[in-house]
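Side chains are part of it too, since the values below use all heavy atoms of this structure and drop only hydrogens, waters and symmetry mates.
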Amino acid sequence: MKALIIGGGGFVGSYLAEHLVQDCGWETILTKLPQENVSVAGCQAYNLDILDRDAVQALLVLQRPDVIFHLAAQSSVAYSWKNPQLTADINIHGCLNVLDAVRDVEGYQPRILLIGSGEEYGALPEGTSLVRETTPVHPGNPYAITKLTQNLFGSLYAKAYGMHVVMVRAFNHIGPGQTPQFVVADFCKQAAEIAAGVREPVMRVGNLSAARDFTDVRDVVRAYGLLVQHGKSGETYNVGSGRAIVIEELLKRIIAQSGAEITVEVDPEKLRPVEVPVIQADISKLQADTGWMPEIPLEQTIGETLAYWKSRIGQ
Ligand code: A2R
Ligand code: GDD
């Protein structure tokens with residue numbers, strides 16, 4: 001099996017590459033942006049901007065991977081409010097470049113996994129606490145709209161052109177190496193700086209009342225490996241833990257594990273114009289079709305993410 005990871009220079013990319021090389025034993029290549037550095041043993045990296053349609057097609061013609069994981073994106077909800085146009089360009093136009101490039105290569109039928117988001121669901125209907133793949137969608141921010149559009153194109157291309165496209169709705173994934181744009185990395189970095197005495201003992205936070213469904217990135221990439229093999233074409237799969245936690249509770253656990261004395265202050269800059277109150281995945285479809293189960297407990301991920309930031313700050 002030959003795998004291609006597009007957008008492999010981000011947080012998930014190197015975890016996925018390591019999983020495919022080490023656990024699955026697949027020949028694996030990845031693409032990254034020229035300014036990114038990625039080093040995964042046994043995995044060749046190529047520079048690719050998905051907005052360059054010809055370059056996408058040239059790579060596919062040269063490599064003809066059996067499976068393609070499309071990770072490349074502007075992945076921040078917060079930033080999508082600041083720059084919706086760039087978010088739409090990368091997440092919609094870029095994804096279409098990948099789908100059209102595959103379609104245009106003569107006699108080529110790879111399995112494609114498009115990584116979307118639990119954010120596509122948006123506010124839940126009254127009385128609903130878990131979102132299934134059939135739950136009506138009400139995307140509540142620019143990022144979510146772009147990912148829903150990607151999902152719709154994926155299912156359209158599977159139906160219209162007989163392409164093998166499986167769509168994922170990934171819920172929040174976390175772990176060592178994530179940028180502090182995202183909540184767990186952000187809180188762990190601040191806590192590690194406070195513990196090291198290089199920051200005043202005040203944690204600056206955004207909205208603590210929302211609840212989100214967090215999964216360790218290493219569990220998430222296992223799900224992606226299974227879905228690219230066993231997912232049904234044209235269909236969507238939730239990837240999450242199945243349990244939401246309120247951000248305030250998450251913060252308490254991070255502070256407790258950090259061992260530091262910390263007070264908390266809301267930073268108005270971190271509040272978003274609109275916030276979906278609860279996002280929690282029903283993962284029964286994923287489990288039925290792949291047998292996947294999350295294995296790494298939240299406490300372990302928090303501990304390892306704190307340790308990652310403590311060691312970076314120590315350096
Ligand atoms: O924005 P950057 O400089 O961090 O680069 C991101 C990259 N990317 C691109 N790659 C190729 N052509 C482009 N025009 C382009 N624009 C951005 O895609 C980054 O290296 C990668 C996405 O990785 P992350 O932002 O770290 O996302 P993560 O956490 O790895 O999530 C993977 C997927 C994304 O589609 C998320 O929206 C979804 O899972 O949750
Ligand atoms: N980043 C951040 N920083 N978020 C905070 C903070 C803070 O200081 N304080 C509270 N939050 C809240 C946010 O308002 C949001 O409700 C929640 O923490 C999670 O925020 P993020 O970690 O920034 O992630 P996200 O939920 O917006 O998006 C992530 O998950 C999606 C899947 O559900 C990203 O990984 C997306 O790419 C992904 O699709």
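- Within the model, atoms CG of Asp219 and CD1 of Ile296 stand 4.5 Å from one another, a figure rounded to the nearest 0.5 Å.
- Taken from CD1 in Ile112 to CD in Gln109, the straight-line distance is 8.0 Å, to the nearest 0.5 Å.
- A donor-acceptor contact shorter than 3.5 Å is absent between the side chain of Ser117 and the backbone of Ala144.
- Considering only heavy atoms from C-beta on, Asn172 stays 4.5 Å or farther from Phe182 through its side chain.
- Residues Cys95 and Gln150 are in side-chain contact: their nearest non-hydrogen atoms beyond the backbone lie under 4.5 Å apart.
- Between Asp282 and Asn238 the shortest heavy-atom distance is O-ND2, 3.1 Å.
- A single hydrophobic cluster is seen to contain both Leu16 and Met1, as judged by linkage of ILVMFWY side chains at heavy-atom distances under 4.5 Å, directly or through other members.
- Judged by the 6.0 Å distance and 45° axis criteria, Arg169 is positioned over the aromatic ring of Tyr121.
- What you find for Gly175 and Thr301 is that their closest heavy atoms are CA-CG2, 3.9 Å.
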For Val77 and Arg272, what are the C-alpha separation, side-chain angles and deciding distance, and is it a side chain to side chain contact (heavy atoms under 4.5 Å, CB included)?
-> CA-CA 9 Å; Val77 173; Arg272 300 175 185 180; 3.6 Å; yes
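- Sorted by first and then second residue, the side-chain hydrogen bond (donor to acceptor under 3.5 Å, both in side chains) pairs with a member in residues 26-39 read Lys32-Asn47; sequence neighbours excluded.
- Here Tyr46 pairs with nothing under the ring pair (Phe, Tyr, Trp, His ring centres under 6.0 Å) rule; sequence neighbours left out.
- A salt bridge links Asp289 to Lys232: at least one charged side-chain nitrogen sits closer than 4.0 Å to a carboxylate oxygen.
- A side-chain donor-acceptor contact under 3.5 Å links Asn207 and Glu275.
- Here CG of Asn141 is found 12.0 Å from NZ of Lys147. Values are rounded to the nearest 0.5 Å.
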Might you work through the salt bridge (charged side-chain N to carboxylate O under 4.0 Å, His left out) test for Arg222 and Glu295, ending with a clear yes or no?
-> CA-CA 10 Å; Arg222 269 195 308 109; Glu295 288 171 358; 3.8 Å; yes
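- Rounded to the nearest 0.5 angstrom, Ile194 CD1 and Ile262 CD1 are separated by 4.0 Å.
- Proximity of Asp213 to Ile279: side-chain heavy atoms (C-beta onward) are nowhere separated by under 4.5 Å.
- The existence of a salt bridge linking Glu265 and Lys270 is excluded, since no basic side-chain nitrogen approaches an acidic carboxylate oxygen closer than 4.0 Å.
- For Phe11, the ring pair (Phe, Tyr, Trp, His ring centres under 6.0 Å) test picks out Tyr15, with sequence neighbours left out.
- Looking at residues two or more places apart in sequence or on another chain, you find a ring pair (Phe, Tyr, Trp, His ring centres under 6.0 Å) between Tyr157 and Tyr161.
- One finds a salt bridge joining Glu299 and Arg253 here, because a Lys/Arg side-chain nitrogen approaches an Asp/Glu carboxylate oxygen to under 4.0 Å.
- Residue Arg243 places its CZ atom among 12 or fewer non-hydrogen atoms of other residues, nucleotides or ligands, all under 6.0 Å distant.
- Nearest heavy atoms, Phe171 versus Gly240: CB-CA, 4.1 Å.
- With rounding to the nearest 0.5 angstrom, the OG atom of Ser75 is 9.5 Å from the CD1 atom of Ile90.
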Would you please test Ile255 and Val264 for side chain to side chain contact (heavy atoms under 4.5 Å, CB included) and show each step?
-> CA-CA 10 Å; Ile255 292 177; Val264 173; 4.0 Å; yes
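- In the hydrophobic clustering of ILVMFWY residues, with side-chain heavy atoms under 4.5 Å counting as a link, Leu30 and Val221 come out together.
- Counted by atom type alone, Gln74 and Asn91 present zero donor-acceptor pairs between their side chains at under 3.5 Å.
- Cluster membership check: Ile145 does not share its hydrophobic cluster with Leu156, using side-chain heavy-atom separations under 4.5 Å among Ile, Leu, Val, Met, Phe, Trp and Tyr.
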Side chain to side chain contact (heavy atoms under 4.5 Å, CB included) assessment of Asn151 paired with Leu114 | CA-CA 7 Å; Asn151 177 290; Leu114 298 181; over 6 Å; no
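- In terms of the side-chain contact (heavy atoms from CB on, under 4.5 Å) criterion, residue partners of Pro180 (sequence neighbours excluded) are, by chain and number, Lys189, Trp309.
- For the side-chain hydrogen bond (donor to acceptor under 3.5 Å, both in side chains) condition, the pairs that include at least one residue of residues 48-61, sequence neighbours left out, are Arg53-Gln57, Arg53-Asp104.
- Nearest approach of Ile50 to Val98, heavy atoms of both residues: CG2-CG2, 4.2 Å.
- Heavy-atom minimum distance, Ile6 versus Ile68: CD1-CG2, 3.8 Å.
- Sparse packing is recorded around CZ of Arg312, with 12 or fewer heavy atoms of other residues, nucleotides or ligands lying under 6.0 Å away.
- Looking at heavy atoms from C-beta onward, Pro65 lies in side-chain contact with Leu60 at the 4.5 angstrom threshold.
- With a 4.5 Å cut-off on side-chain heavy atoms, Leu20 and Ile5 count as touching.
- Looking at heavy atoms from C-beta onward, Leu4 lies in side-chain contact with Leu59 at the 4.5 angstrom threshold.
- Cluster membership for Leu208 and Ile302, using ILVMFWY side-chain heavy atoms within less than 4.5 angstrom, is shared.
- Between Tyr79 and Leu86, some side-chain heavy-atom pair lies under the 4.5 Å cut-off.
- Hydrophobic clustering (side-chain heavy atoms under 4.5 Å, transitive across Ile, Leu, Val, Met, Phe, Trp, Tyr) groups Val12 together with Val38.
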Kindly determine whether Gln190 and Arg204 satisfy side chain to side chain contact (heavy atoms under 4.5 Å, CB included), including the steps that lead there.
-> CA-CA 8 Å; Gln190 291 188 61; Arg204 300 185 70 77; 3.9 Å; yes
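- Shown are Glu119, Glu248, Glu249; of these, the salt bridge (charged side-chain N to carboxylate O under 4.0 Å, His left out) with Arg212 is made only by Glu119.
- Side-chain contact, Asp23 with His19: a donor N or O sits under 3.5 Å from an acceptor N or O.
- Atoms OG1 and CG, on Thr236 and Leu286 in that order, are 12.5 Å from each other to the nearest 0.5 Å.
- When the shell of 6.0 Å around NZ of Lys159 is examined, it contains 12 or fewer heavy atoms from other residues, nucleotides or ligands.
- Between the side chain of Ser233 and the main chain of Met163, a donor-acceptor pair closer than 3.5 Å is present.
- Smallest separation of non-hydrogen atoms from Ile313 and Ala192: CD1-CB, 3.5 Å.
- Contact of the Lys285 side chain with the Arg132 side chain is not registered, since no non-hydrogen atoms from C-beta on lie closer than 4.5 Å.
- Side-chain N or O atoms of Glu120 include none that pairs as donor or acceptor with a backbone N or O of Gly116 at under 3.5 Å.
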